[in-house]
Amino acid sequence: MVLARAFDTKALNLQKQGRSGAFTSCKGQEGCQIPAVANLKETDWLVPSFRENAALIARRMPLVNLFLYWGGDERGSHPREDRYKQNNLPIAIPVGTHLLHAVGISMSAKIKKESSVAMTFFGDGATSEGDFSEALNFAGVFKTPTVFVCQNNQWAISLPVSKQTASSSIAQKAIAFGFEGIQVDGNDVFAVYHATKYAVEKARSKEGNGGPTLIECVTYRMGDHSTADMASVYRPIGEAQCMEQFDPILRLEKYMKKKKMITDAEINSVEEQSKQQVEKAVEAYENIEPAPLEDIFNYTYAELTEPLKEQRDYLLALYVGEERKKNPIIEKIEGGFP
Ligand SMILES: Cc1ncc(C[n+]2csc(CCOP(=O)(O)OP(=O)(O)O)c2C)c(N)n1
Ligand SMILES: [Mg+2]
(Lines give C-alpha, C1' and ligand atoms only; values in the text may rest on other atoms or scores of the structure.)
(Ligands and ions follow the chains in the order given, each with its own letter.)
Protein backbone atom coordinates (compact mmCIF):
# COMPACT_ATOMS: atom_id res chain seq x y z
CA MET A 1 0.00 0.00 0.00
CA VAL A 2 2.85 2.35 0.79
CA LEU A 3 4.54 1.54 -2.50
CA ALA A 4 1.29 2.19 -4.36
CA ARG A 5 0.98 5.54 -2.58
CA ALA A 6 4.55 6.49 -3.49
CA PHE A 7 3.85 5.56 -7.11
CA ASP A 8 0.65 7.60 -7.06
CA THR A 9 2.33 10.71 -5.66
CA LYS A 10 5.11 10.51 -8.23
CA ALA A 11 2.75 9.91 -11.16
CA LEU A 12 0.76 13.03 -10.24
CA ASN A 13 3.95 15.09 -10.04
CA LEU A 14 5.24 13.79 -13.38
CA GLN A 15 1.98 14.82 -15.04
CA LYS A 16 2.23 18.34 -13.57
CA GLN A 17 5.77 18.62 -14.87
CA GLY A 18 4.73 17.53 -18.36
CA ARG A 19 6.71 14.30 -18.07
CA SER A 20 3.65 12.05 -18.27
CA GLY A 21 0.07 12.02 -19.52
CA ALA A 22 -3.31 12.25 -17.78
CA PHE A 23 -3.47 10.17 -14.62
CA THR A 24 -6.16 8.84 -12.28
CA SER A 25 -5.01 8.64 -8.69
CA CYS A 26 -6.07 5.79 -6.40
CA LYS A 27 -5.08 7.61 -3.23
CA GLY A 28 -7.30 6.38 -0.40
CA GLN A 29 -8.46 3.27 -2.28
CA GLU A 30 -5.40 1.09 -1.70
CA GLY A 31 -7.32 -0.61 1.13
CA CYS A 32 -10.02 -1.80 -1.29
CA GLN A 33 -7.61 -3.12 -3.89
CA ILE A 34 -4.60 -4.78 -2.29
CA PRO A 35 -6.41 -7.00 0.25
CA ALA A 36 -8.85 -8.04 -2.48
CA VAL A 37 -6.25 -9.18 -5.01
CA ALA A 38 -4.29 -10.85 -2.20
CA ASN A 39 -6.92 -13.59 -2.47
CA LEU A 40 -6.22 -14.28 -6.14
CA LYS A 41 -3.95 -16.99 -7.49
CA GLU A 42 -1.69 -16.39 -10.48
CA THR A 43 -4.16 -18.27 -12.65
CA ASP A 44 -7.05 -16.04 -11.61
CA TRP A 45 -7.94 -12.96 -13.59
CA LEU A 46 -7.78 -9.31 -12.62
CA VAL A 47 -10.00 -7.14 -14.81
CA PRO A 48 -9.19 -3.53 -13.88
CA SER A 49 -10.55 -0.10 -14.70
CA PHE A 50 -8.43 3.05 -14.69
CA ARG A 51 -8.16 3.45 -10.91
CA GLU A 52 -6.55 0.09 -10.11
CA ASN A 53 -2.88 1.02 -9.99
CA ALA A 54 -2.55 -0.41 -6.47
CA ALA A 55 -4.18 -3.70 -7.52
CA LEU A 56 -1.85 -3.94 -10.52
CA ILE A 57 1.22 -3.26 -8.39
CA ALA A 58 0.11 -6.00 -5.99
CA ARG A 59 -0.26 -8.30 -9.04
CA ARG A 60 3.44 -7.76 -9.85
CA MET A 61 2.95 -5.25 -12.67
CA PRO A 62 6.37 -3.52 -12.86
CA LEU A 63 6.19 0.18 -11.93
CA VAL A 64 7.97 1.07 -15.15
CA ASN A 65 5.09 -0.47 -17.10
CA LEU A 66 2.58 1.65 -15.25
CA PHE A 67 4.63 4.80 -15.87
CA LEU A 68 4.80 3.88 -19.55
CA TYR A 69 1.05 3.29 -19.75
CA TRP A 70 0.20 6.61 -18.10
CA GLY A 71 2.78 8.26 -20.31
CA GLY A 72 0.57 7.23 -23.23
CA ASP A 73 2.61 4.23 -24.33
CA GLU A 74 0.45 1.16 -24.79
CA ARG A 75 3.49 -1.09 -24.41
CA GLY A 76 3.08 -0.43 -20.69
CA SER A 77 0.17 -2.88 -20.62
CA HIS A 78 2.38 -5.78 -21.63
CA PRO A 79 5.19 -6.78 -19.29
CA ARG A 80 7.80 -8.41 -21.49
CA GLU A 81 9.47 -10.63 -18.95
CA ASP A 82 7.72 -13.92 -18.18
CA ARG A 83 8.21 -13.53 -14.44
CA TYR A 84 5.86 -10.54 -14.49
CA LYS A 85 3.22 -12.13 -16.68
CA GLN A 86 -0.03 -12.64 -14.86
CA ASN A 87 -3.64 -12.89 -15.90
CA ASN A 88 -4.20 -9.13 -15.74
CA LEU A 89 -6.31 -7.56 -18.45
CA PRO A 90 -5.21 -4.15 -19.77
CA ILE A 91 -6.68 -1.08 -18.05
CA ALA A 92 -10.22 -0.29 -19.28
CA ILE A 93 -10.91 3.42 -19.69
CA PRO A 94 -14.55 3.08 -20.88
CA VAL A 95 -16.68 3.02 -17.74
CA GLY A 96 -18.26 -0.38 -17.09
CA THR A 97 -17.47 -2.21 -20.31
CA HIS A 98 -14.90 -4.47 -18.68
CA LEU A 99 -17.46 -6.06 -16.35
CA LEU A 100 -18.67 -7.98 -19.37
CA HIS A 101 -15.13 -9.12 -20.09
CA ALA A 102 -14.81 -10.44 -16.54
CA VAL A 103 -18.06 -12.38 -16.89
CA GLY A 104 -16.98 -13.76 -20.27
CA ILE A 105 -13.63 -14.88 -18.89
CA SER A 106 -15.22 -16.60 -15.92
CA MET A 107 -17.90 -18.23 -18.10
CA SER A 108 -15.11 -19.62 -20.24
CA ALA A 109 -13.34 -20.99 -17.14
CA LYS A 110 -16.59 -22.63 -16.08
CA ILE A 111 -17.12 -24.28 -19.47
CA LYS A 112 -13.53 -25.52 -19.51
CA LYS A 113 -13.93 -26.76 -15.92
CA GLU A 114 -10.97 -24.67 -14.77
CA SER A 115 -11.05 -23.41 -11.22
CA SER A 116 -10.02 -19.83 -12.02
CA VAL A 117 -11.94 -16.81 -10.83
CA ALA A 118 -12.23 -13.35 -12.41
CA MET A 119 -12.20 -10.31 -10.13
CA THR A 120 -13.21 -6.99 -11.59
CA PHE A 121 -13.09 -3.50 -10.07
CA PHE A 122 -15.29 -0.54 -10.94
CA GLY A 123 -16.75 2.59 -9.39
CA ASP A 124 -20.15 3.71 -8.13
CA GLY A 125 -20.69 5.55 -11.43
CA ALA A 126 -20.23 2.34 -13.42
CA THR A 127 -23.31 0.84 -11.74
CA SER A 128 -25.50 3.20 -13.82
CA GLU A 129 -24.16 1.79 -17.08
CA GLY A 130 -26.21 -0.81 -18.95
CA ASP A 131 -23.11 -3.00 -19.03
CA PHE A 132 -23.30 -3.36 -15.23
CA SER A 133 -26.82 -4.83 -15.42
CA GLU A 134 -25.99 -7.05 -18.37
CA ALA A 135 -22.88 -8.40 -16.69
CA LEU A 136 -24.53 -9.07 -13.32
CA ASN A 137 -27.61 -10.57 -14.92
CA PHE A 138 -25.60 -13.02 -17.01
CA ALA A 139 -23.37 -13.87 -14.03
CA GLY A 140 -26.43 -14.56 -11.88
CA VAL A 141 -28.19 -16.75 -14.44
CA PHE A 142 -25.12 -18.82 -15.33
CA LYS A 143 -23.53 -18.72 -11.86
CA THR A 144 -20.19 -17.60 -13.25
CA PRO A 145 -17.17 -17.49 -10.89
CA THR A 146 -16.96 -13.69 -10.89
CA VAL A 147 -16.16 -11.33 -8.02
CA PHE A 148 -17.51 -7.84 -8.68
CA VAL A 149 -15.72 -5.27 -6.51
CA CYS A 150 -17.42 -1.88 -6.57
CA GLN A 151 -15.31 0.87 -5.05
CA ASN A 152 -17.99 3.29 -3.94
CA ASN A 153 -15.75 6.33 -3.51
CA GLN A 154 -18.78 8.65 -3.22
CA TRP A 155 -18.12 10.48 -6.49
CA ALA A 156 -18.26 9.85 -10.24
CA ILE A 157 -16.24 12.84 -11.37
CA SER A 158 -18.55 15.62 -10.03
CA LEU A 159 -21.65 13.48 -9.47
CA PRO A 160 -22.22 12.45 -5.84
CA VAL A 161 -23.45 8.92 -5.17
CA SER A 162 -26.76 10.32 -3.85
CA LYS A 163 -27.54 11.38 -7.43
CA GLN A 164 -26.14 8.18 -8.91
CA THR A 165 -28.71 5.82 -7.44
CA ALA A 166 -31.85 5.88 -5.31
CA SER A 167 -30.87 2.52 -3.75
CA SER A 168 -29.70 2.80 -0.16
CA SER A 169 -26.66 0.66 -1.02
CA ILE A 170 -24.91 -0.64 -4.10
CA ALA A 171 -24.52 -4.09 -2.52
CA GLN A 172 -28.29 -4.57 -2.47
CA LYS A 173 -28.45 -4.38 -6.26
CA ALA A 174 -27.09 -7.96 -6.31
CA ILE A 175 -30.36 -9.26 -4.80
CA ALA A 176 -32.23 -8.34 -7.98
CA PHE A 177 -29.77 -10.44 -9.98
CA GLY A 178 -30.21 -13.44 -7.68
CA PHE A 179 -26.92 -13.51 -5.81
CA GLU A 180 -25.23 -12.16 -2.71
CA GLY A 181 -24.18 -8.57 -2.18
CA ILE A 182 -21.85 -7.58 0.67
CA GLN A 183 -21.12 -4.07 1.88
CA VAL A 184 -17.79 -3.49 3.65
CA ASP A 185 -15.77 -0.59 4.96
CA GLY A 186 -13.38 -0.22 2.02
CA ASN A 187 -10.81 1.58 4.15
CA ASP A 188 -10.54 -1.39 6.52
CA VAL A 189 -8.07 -3.83 5.00
CA PHE A 190 -9.24 -6.70 7.20
CA ALA A 191 -12.90 -6.29 6.28
CA VAL A 192 -12.04 -6.16 2.57
CA TYR A 193 -9.73 -9.15 2.85
CA HIS A 194 -12.37 -11.31 4.54
CA ALA A 195 -15.23 -10.33 2.25
CA THR A 196 -13.22 -10.94 -0.91
CA LYS A 197 -11.75 -14.19 0.47
CA TYR A 198 -15.28 -15.44 1.06
CA ALA A 199 -16.35 -14.43 -2.45
CA VAL A 200 -13.29 -15.95 -4.15
CA GLU A 201 -13.64 -19.23 -2.24
CA LYS A 202 -17.34 -19.39 -3.02
CA ALA A 203 -16.68 -18.74 -6.72
CA ARG A 204 -14.12 -21.55 -6.76
CA SER A 205 -16.18 -24.09 -4.82
CA LYS A 206 -17.98 -26.82 -6.71
CA GLU A 207 -20.36 -27.87 -3.92
CA GLY A 208 -21.86 -24.41 -3.59
CA ASN A 209 -21.90 -24.29 -7.39
CA GLY A 210 -19.64 -21.27 -7.15
CA GLY A 211 -21.29 -18.24 -8.54
CA PRO A 212 -20.77 -14.51 -8.33
CA THR A 213 -20.73 -12.00 -5.48
CA LEU A 214 -21.01 -8.23 -5.54
CA ILE A 215 -18.86 -6.52 -2.93
CA GLU A 216 -19.38 -2.84 -2.27
CA CYS A 217 -16.31 -1.27 -0.68
CA VAL A 218 -17.39 2.01 0.88
CA THR A 219 -14.45 4.35 0.47
CA TYR A 220 -13.51 7.88 -0.54
CA ARG A 221 -11.71 9.38 -3.53
CA MET A 222 -9.11 11.44 -1.68
CA GLY A 223 -7.86 13.25 -4.76
CA ASP A 224 -9.29 14.81 -7.89
CA HIS A 225 -11.05 12.50 -10.35
CA SER A 226 -8.05 12.79 -12.66
CA THR A 227 -5.34 15.28 -13.52
CA ALA A 228 -7.91 16.92 -15.84
CA ASP A 229 -10.26 17.64 -12.92
CA MET A 230 -10.47 20.09 -9.99
CA ALA A 231 -12.64 18.61 -7.26
CA SER A 232 -12.51 21.75 -5.10
CA VAL A 233 -14.93 23.34 -7.58
CA TYR A 234 -17.74 20.90 -6.80
CA ARG A 235 -17.04 19.15 -3.50
CA PRO A 236 -18.25 20.65 -0.21
CA ILE A 237 -15.49 22.64 1.50
CA GLY A 238 -13.63 20.54 4.04
CA GLU A 239 -15.03 17.17 2.92
CA ALA A 240 -11.77 15.80 1.53
CA GLN A 241 -9.76 17.07 4.53
CA CYS A 242 -12.27 15.50 6.91
CA MET A 243 -11.91 12.13 5.17
CA GLU A 244 -8.12 12.11 5.58
CA GLN A 245 -8.50 10.59 9.05
CA PHE A 246 -9.94 7.46 7.35
CA ASP A 247 -6.92 7.03 5.08
CA PRO A 248 -6.50 3.22 4.99
CA ILE A 249 -2.70 3.41 5.32
CA LEU A 250 -2.94 5.66 8.36
CA ARG A 251 -5.52 3.38 9.94
CA LEU A 252 -3.43 0.26 9.40
CA GLU A 253 -0.34 2.04 10.75
CA LYS A 254 -2.22 3.08 13.88
CA TYR A 255 -3.51 -0.44 14.38
CA MET A 256 -0.08 -2.02 13.91
CA LYS A 257 1.58 0.49 16.21
CA LYS A 258 -1.01 -0.11 18.91
CA LYS A 259 -0.43 -3.86 18.63
CA LYS A 260 3.33 -3.23 18.66
CA MET A 261 3.68 -4.87 15.26
CA ILE A 262 5.64 -1.99 13.74
CA THR A 263 7.79 0.94 14.87
CA ASP A 264 8.08 4.48 13.49
CA ALA A 265 11.55 3.61 12.22
CA GLU A 266 10.18 0.64 10.27
CA ILE A 267 7.39 2.78 8.82
CA ASN A 268 9.96 5.36 7.67
CA SER A 269 12.12 2.67 6.19
CA VAL A 270 9.20 1.19 4.18
CA GLU A 271 8.38 4.69 2.90
CA GLU A 272 12.00 5.38 2.00
CA GLN A 273 12.45 2.06 0.18
CA SER A 274 9.20 2.63 -1.73
CA LYS A 275 10.29 6.10 -2.85
CA GLN A 276 13.63 4.73 -4.04
CA GLN A 277 11.92 1.94 -5.97
CA VAL A 278 9.66 4.51 -7.62
CA GLU A 279 12.59 6.80 -8.53
CA LYS A 280 14.41 3.88 -10.17
CA ALA A 281 11.31 3.07 -12.21
CA VAL A 282 10.98 6.70 -13.33
CA GLU A 283 14.58 6.68 -14.51
CA ALA A 284 13.96 3.49 -16.50
CA TYR A 285 10.72 4.91 -17.95
CA GLU A 286 12.38 8.11 -19.10
CA ASN A 287 15.19 6.19 -20.78
CA ILE A 288 12.91 4.07 -22.93
CA GLU A 289 12.80 5.05 -26.58
CA PRO A 290 9.29 6.41 -27.31
CA ALA A 291 7.02 4.10 -29.28
CA PRO A 292 6.65 4.91 -32.99
CA LEU A 293 3.93 7.47 -33.67
CA GLU A 294 1.75 5.09 -35.66
CA ASP A 295 1.44 2.93 -32.54
CA ILE A 296 -1.61 4.95 -31.52
CA PHE A 297 -3.46 3.19 -34.35
CA ASN A 298 -2.12 -0.25 -33.58
CA TYR A 299 -3.98 -1.75 -30.64
CA THR A 300 -7.70 -1.45 -31.31
CA TYR A 301 -8.31 -3.21 -34.61
CA ALA A 302 -6.61 -6.31 -36.04
CA GLU A 303 -7.05 -4.61 -39.41
CA LEU A 304 -7.46 -0.85 -39.68
CA THR A 305 -10.62 0.57 -41.25
CA GLU A 306 -10.19 2.74 -44.36
CA PRO A 307 -10.86 6.07 -42.55
CA LEU A 308 -8.33 5.12 -39.87
CA LYS A 309 -5.74 4.23 -42.50
CA GLU A 310 -6.26 7.66 -44.04
CA GLN A 311 -5.90 9.36 -40.67
CA ARG A 312 -2.73 7.41 -39.90
CA ASP A 313 -1.17 8.32 -43.24
CA TYR A 314 -2.16 11.96 -42.78
CA LEU A 315 -0.64 12.07 -39.29
CA LEU A 316 2.58 10.44 -40.41
CA ALA A 317 2.86 12.84 -43.34
CA LEU A 318 2.31 15.75 -40.97
CA TYR A 319 4.82 14.72 -38.37
CA VAL A 320 7.37 12.60 -40.14
CA GLY A 321 7.23 13.26 -43.88
CA GLU A 322 8.06 16.15 -46.19
CA GLU A 323 4.71 17.82 -45.46
CA ARG A 324 5.93 18.58 -41.97
CA LYS A 325 8.24 21.32 -43.14
CA LYS A 326 5.44 23.16 -44.92
CA ASN A 327 2.86 22.82 -42.19
CA PRO A 328 2.08 26.02 -40.27
CA ILE A 329 0.04 24.13 -37.65
CA ILE A 330 3.05 22.10 -36.57
CA GLU A 331 5.15 25.21 -36.23
CA LYS A 332 2.45 26.77 -34.13
CA ILE A 333 2.09 23.70 -31.92
CA GLU A 334 5.82 23.26 -31.45
CA GLY A 335 6.37 26.96 -30.89
CA GLY A 336 3.46 27.09 -28.45
CA PHE A 337 4.46 24.29 -26.10
CA PRO A 338 6.63 25.25 -23.16
C1 LIG B 1 -18.62 4.82 -21.20
C2 LIG B 1 -17.95 6.02 -20.60
N3 LIG B 1 -18.70 7.10 -20.30
C4 LIG B 1 -18.12 8.19 -19.75
C5 LIG B 1 -16.77 8.20 -19.48
C6 LIG B 1 -16.11 9.43 -18.84
N7 LIG B 1 -15.84 9.08 -17.44
C8 LIG B 1 -14.62 8.66 -17.08
S9 LIG B 1 -14.58 8.25 -15.46
C10 LIG B 1 -16.18 8.68 -15.23
C11 LIG B 1 -16.81 8.56 -13.87
C12 LIG B 1 -16.62 7.22 -13.29
O13 LIG B 1 -17.09 7.20 -11.97
P14 LIG B 1 -17.00 5.91 -11.10
O15 LIG B 1 -17.56 4.76 -11.85
O16 LIG B 1 -17.63 6.23 -9.79
O17 LIG B 1 -15.44 5.63 -10.95
P18 LIG B 1 -14.34 6.54 -10.22
O19 LIG B 1 -13.83 7.49 -11.26
O20 LIG B 1 -15.00 7.26 -9.10
O21 LIG B 1 -13.29 5.60 -9.77
C22 LIG B 1 -16.74 9.12 -16.42
C23 LIG B 1 -18.15 9.55 -16.56
C24 LIG B 1 -16.02 7.05 -19.83
N25 LIG B 1 -14.71 6.97 -19.60
N26 LIG B 1 -16.65 5.98 -20.37
MG1 LIG C 1 -16.75 6.79 -8.00
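Just so you know, these numbers come straight off a predicted model, no measurement behind them. Start at 1 and go down the list; that is how both ligands and their atoms are numbered. Sequential numbering from 1 along the given sequence is applied to the chain's residues.
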Presence of salt bridge, R204 and D44, under 4.0 angstrom: yes

Carboxylate-amine/guanidinium proximity below 4.0 Å for R235 and D224: no

D124 OD1 and W155 O subtending at the Mg ion (ligand 2) (10° steps): 110°

Contact check: N153 to the Mg ion (ligand 2), N/O/S below 2.8 Å: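 Coordinating: yes.
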
The Mg ion (ligand 2) reached by V161 (N, O or S, under 2.8 Å): no

Nearest non-hydrogen partners of N187 and G28, listed with the distance: OD1-O, 3.7 Å

Checking a contact table here: which protein heavy atom is nearest [atom], and how many Å away?
| atom | answer |
| --- | --- |
| atom 21 (O) of ligand 1 | R51 NE, 2.6 Å |
| atom 4 (C) of ligand 1 | V95 CG2, 4.5 Å |
| atom 15 (O) of ligand 1 | A126 N, 2.9 Å |

Interatomic distance, E52 atom CD to I34 atom CD1 [nearest 0.5 angstrom]: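 Rounded to the nearest 0.5 Å, the CD-CD1 separation comes to 11.5 Å.
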
Short side-chain to backbone donor-acceptor contact, S226 and F23, under 3.5 Å: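 Pair absent, no side-chain N/O of S226 close to backbone of F23.
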
Ligand 1 to G125 polar contact by distance, N or O atoms, under 3.5 Å: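 Such a contact does occur with ligand 1.
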
